[in-house]
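Structure record follows, encoded as structure tokens.
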Amino acid sequence: MNYWLLKSEPDSYSYSDLKNEADSSVLWDGVRNYQARNILRDQIQCGDLAFFYHSSCKYPAIVGICRIVATGIPDPTAFDPDSDYFDPKSSQEDPRWITVRVQALEALAKPVLLKDMKLDPELQEMVLLNRSRLSVQPVSERHWQHILNLAGHKANS
DNA sequence: GCCAACGTTGGC
DNA sequence: GCCAACGTTGGC
């Protein structure tokens with residue numbers, strides 16, 4: 001079991017939007033960064049957990065928990081000429097963009113603000129604080145548990 | 001809205 | 001393969 005962090009701009013797609021989906025799940029489409037794609041394609045496994053992070057907003061923060069419920073899915077928006085994410089170099093036979101389906105589990109009791117994470121000595125090594133532009137990123141188990149504690153959740157065992 | 005960081009593109 | 005130009009991300 002591994003842990004991840006997924007970013008989304010709440011003005012375009014928020015954690016509550018995910019909660020409101022049928023089955024609280026959605027295909028994580030539209031990622032067009034190769035490093036993020038490689039994580040989606042090669043590393044994320046079914047059953048892994050991910051934080052849902054709100055970026056580019058007034059209070060950037062981790063706001064909820066999701067579970068990966070399906071993997072290895074070609075991103076259909078790459079095949080759609082009407083999509084903002086259309087990529088003519090991606091074909092059905094050789095899809096360039098592979099992604100996963102995520103399901104909302106629960107919102108954090110208290111969102112964990114970026115500004116507080118920046119001040120927390122335990123979290124200085126987080127990818128979020130060092131490679132802030134990567135939209136799909138790993139979270140260590142230690143950081144995962146620490147953030148859950150900050151969020152007012154009981155630690156898992 | 002600004003701008004630093006950094007990823008991508010394309011000419012050579 | 002280098003690197004300048006350009007585009008995007010995302011915090012502030």
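Numbers restart at 1 for each chain; the letters A, B, ... are given by sequence-line order, proteins then strands.
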Please collect all ring-ring contact (aromatic ring centres under 6.0 Å, His included) contacts where either partner lies in residues 97-123 of chain A, sequence neighbours excluded, each pair once.
-> A/Tyr34-A/Trp97
First and last nucleotide of DNA chain C, 5' to 3', lying under 4.0 Å from heavy atoms of chain A | C/dG7 to C/dC12
A/Ser55 side chain reached by A/Pro60 side chain, heavy atoms, under 4.5 Å = no
Are A/Asp17 and A/Ser14 close enough that a side-chain donor and a side-chain acceptor fall under 3.5 Å?
-> yes
N/O donor-acceptor pairs under 3.5 Å from side chains in residues 109-123 of chain A, not counting sequence neighbours:
from, atom 1, to, atom 2, distance (Å)
A/Asp120, OD1, A/Glu122, N, 2.8
A/Asp120, OD1, A/His146, NE2, 3.3
A/Asp120, OD2, A/His146, NE2, 2.6
A/Glu122, OE1, A/Arg142, NH2, 2.8

The single option from A/Thr77, A/Asp29, A/Asp75 that satisfies side chain to side chain contact (heavy atoms under 4.5 Å, CB included) with A/Ser83 is A/Thr77
Contact class for A/Tyr59 (heavy atom, under 4.0 Å): base, sugar-phosphate, or nothing?
-> nothing
How is A/Lys58 classified with respect to the nucleic acid when contacts are heavy atoms under 4.0 Å: base, sugar-phosphate, or nothing?
-> nothing
